[in-house]
Participant: 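Take this structure first; my questions come after.
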Amino acid sequence: SITASCLAMGSDESEAMDPASAERIAESLQQLALAPGGLVERWVLLEALRSIEPSWTDENLSKILQAAGLPEDELISCADFTSWLFDVKSTSSSARPVPHITDDMTVEFLTDVEGNWEYFVHFISLSQVLFWSGEDRGVWGPGELQLRDSGYLVFGGDAVDKGAGDLRVVKTLLALKQRYGSRVFIVIGNRDICKLRFFAELQEGEDGGSFEKKGGAYWIPDPKPFPDYETYVQMHNLERGHISTVRWVLDCNMGCQTTTFNTRRHELALLGVKATDEAVVHSYRDSVDPASADPWMLELLRVGQMAVILGNALFVHGGIYDEALGQVPGQSPAANMSEWADRLNAWKDEQLRDFALHPKWRVEDGKDRRGGDRLIDYGSPGGANNTSIVYHNPFNNGNPQQLSNRVEDFLAKSGIRRVFSGHQPHGESPTVVRHVRSGLL
């Protein structure tokens, strides 16, 4: 729902709507956002708002569109409009109470599917909270994915990259989130965040070489274990351009596999759409294009969170450690875990709004910048000056380690008793690390 204080951003404070009106608008916009295409003319959106709350004016809508970085004289994405309003609300810790996990609730944690559709479907077959219903949808699954009444799902990040199921995994998670809202939580991982790169790096006139001139993959220390763009093109007898750029990025500086380009093309073929090399390029670029009719990867980042707290359980992608404790880029340290999660999630939302406003390369103070570049950095190795909770390896030579006393005490004082993370592969079953002093797992 949208609070009256959120909607007051689009009108004078004296004209702020009551919470009941805000609730009705929220529900209406959620339905409008799910309409085919999701793009409407400005007057259609305004009439929809007025049908629920007559006090809405064209000036109110203009203020909201400007604040959200959405066009005022073009077709408007209802999903973007709705997501921005919901994101504004989520920046307030008082507006999002932490659920208490009770004995009649079942919370399941699934992470790092990385595009493996078969693994995803197998997990669902073992799940106590997820099930398929309705008619078989072929490659999209044996029905529509549903969540049982007492069930909660937390997805821990890294939805894409190493299988022929990127689109299906992400869109199935998004549909589940849209359908069940506050009972489905998505943590974003490094493989999800880094896809923002593709929009700027695949603009006209750009390729892997121009990316390297702008600083390239600075997070990979020299000497780099992979060839530069020019060498890669020569090694594989490729032409300079977007196709070879995507192949090089996936192979050499996005932590994917040499098969990732081909598995994306294979999935496009499975879905019955154009499956050429150029179509693969478009699928990556369009998935994070703020103006795209279907920016499915960008939408995952919008609804996702950096940290999720359910009762006394914390869910992050990488992990919690001394250097990262309470850190939010450009801000003073947070005093407790709840404040930290709220501020970090709000910072992520701000970065995505920056990306929507400035998705292409630009020169700022003599440096090449793009919107959301601090978020891209946060999801990279050594991100945010080695304070990222997204990119972190909690193991030492493959062996699990206890958290420091400082981290343990910070979490204990914040009421956290369980920490769940993914990111680092470690066998076929979860690794459990018990802290005897506090009982933290």
Side-chain angles (χ1 to χ4, degrees), residues 1-92 94-96 174 177-179 181-182 196 199 286-296 298-303 345-360 362 370-372:
S1 64
I2 309 174
T3 63
S5 60
C6 170
L7 289 174
M9 296 185 65
S11 60
D12 295 335
E13 187 170 344
S14 60
E15 298 174 353
M17 299 172 200
D18 61 273
S21 297
E23 184 73 21
R24 292 198 303 274
I25 288 177
E27 293 175 355
S28 176
L29 287 177
Q30 283 175 316
Q31 293 301 315
L32 197 58
L34 296 177
L39 294 174
V40 298
E41 293 184 10
R42 178 194 178 106
W43 70 268
V44 174
L45 180 57
L46 182 59
E47 287 301 313
L49 293 168
R50 283 176 172 166
S51 69
I52 309 165
E53 180 49 63
S55 67
W56 269 84
T57 67
D58 189 71
E59 183 181 2
N60 298 153
L61 181 57
S62 288
K63 290 179 179 178
I64 289 291
L65 292 174
Q66 291 170 8
L70 296 173
E72 295 189 60
D73 52 359
E74 301 175 15
L75 291 177
I76 299 168
S77 166
C78 293
D80 289 350
F81 184 84
T82 306
S83 296
W84 187 85
L85 288 173
F86 293 155
D87 286 344
V88 170
K89 173 179 180 274
S90 71
T91 64
S92 169
S94 62
R96 182 177 54 79
L174 287 174
K177 175 67 176 175
Q178 291 171 339
R179 195 172 301 119
S182 60
L196 291 174
F199 187 77
D286 294 349
S287 73
V288 290
D289 181 354
S292 168
D294 184 22
W296 50 274
L298 181 57
E299 188 61 22
L300 183 78
L301 297 174
R302 284 172 171 156
V303 303
N345 290 330
W347 174 81
K348 181 271 297 182
D349 295 336
E350 292 170 0
Q351 282 291 295
L352 290 180
R353 285 194 284 274
D354 181 42
F355 174 80
L357 288 170
H358 310 287
K360 299 180 181 180
R362 70 186 189 277
R370 52 180 159 183

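What you see is a predicted model; the values in this text were computed from it and never measured.
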Participant: With salt bridge (charged side-chain N to carboxylate O under 4.0 Å, His left out) as the criterion, how do Glu299 and Arg302 come out once you've worked through the C-alpha distance, each side chain's angles and the decisive distance to 0.1 Å?
Facilitator: CA-CA 5 Å; Glu299 188 61 22; Arg302 284 172 171 156; 3.6 Å; yes

Participant: Could you give the distance from CZ (Arg362) to CZ (Arg370), rounded to the nearest 0.5 Å?
Facilitator: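 Interatomic distance, Arg362 CZ to Arg370 CZ, rounded to 0.5 Å: 11.0 Å.
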
Participant: Report the distance from atom CD1 of Ile76 to atom CG of Leu65, rounding to the nearest 0.5 Å.
Facilitator: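 Taking CD1 in Ile76 and CG in Leu65, the distance rounds to 4.5 Å.
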
Participant: For Gly372 and Asp354, which heavy atoms make the closest approach, and how far apart are they?
Facilitator: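 The answer is N-OD2, 3.0 Å.
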
Participant: Does the side chain of Leu298 come within less than 4.5 Å of Leu196's, by heavy atoms?
Facilitator: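 Yes, their side chains come closer than 4.5 Å.
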
Participant: Is any side-chain heavy atom of Arg42 closer than 4.5 Å to one of Ser62?
Facilitator: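 In contact.
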
Participant: Looking at residues at least two apart in the chain, or sitting in another chain, which of them share a side chain to side chain contact (heavy atoms under 4.5 Å, CB included) with Arg179?
Facilitator: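 So Arg179 forms a side chain to side chain contact (heavy atoms under 4.5 Å, CB included) with Glu144, Gln146, Ala175, Leu176.
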
Participant: Out of curiosity, Leu301 CG to Asp349 CG, how far, rounded to the nearest 0.5 Å?
Facilitator: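 One finds 10.5 Å between CG of Leu301 and CG of Asp349.
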
Participant: Search all heavy atoms of Phe355 against all heavy atoms of Gly371 and return the closest pair with its distance.
Facilitator: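 For Phe355 versus Gly371, the nearest heavy atoms are CD1-O, 3.3 Å.
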
Participant: Distance-only, no hydrogens or angles: does the Lys177 side chain make a donor-acceptor pair with backbone N or O of Leu300 under 3.5 Å?
Facilitator: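 Not at all, since once roles are kept as given, no pair shorter than 3.5 Å links the two residues.
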
Participant: If you apply the rule side chain to side chain contact (heavy atoms under 4.5 Å, CB included), what do you find for Lys348 with Gln351, and how did you get there?
Facilitator: CA-CA 5 Å; Lys348 181 271 297 182; Gln351 282 291 295; 5.7 Å; no

Participant: Would you check if Val303 and Gln178 make a side-chain contact, meaning some heavy-atom pair closer than 4.5 Å?
Facilitator: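 Counting from C-beta outward, Val303 and Gln178 never come under 4.5 Å.
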
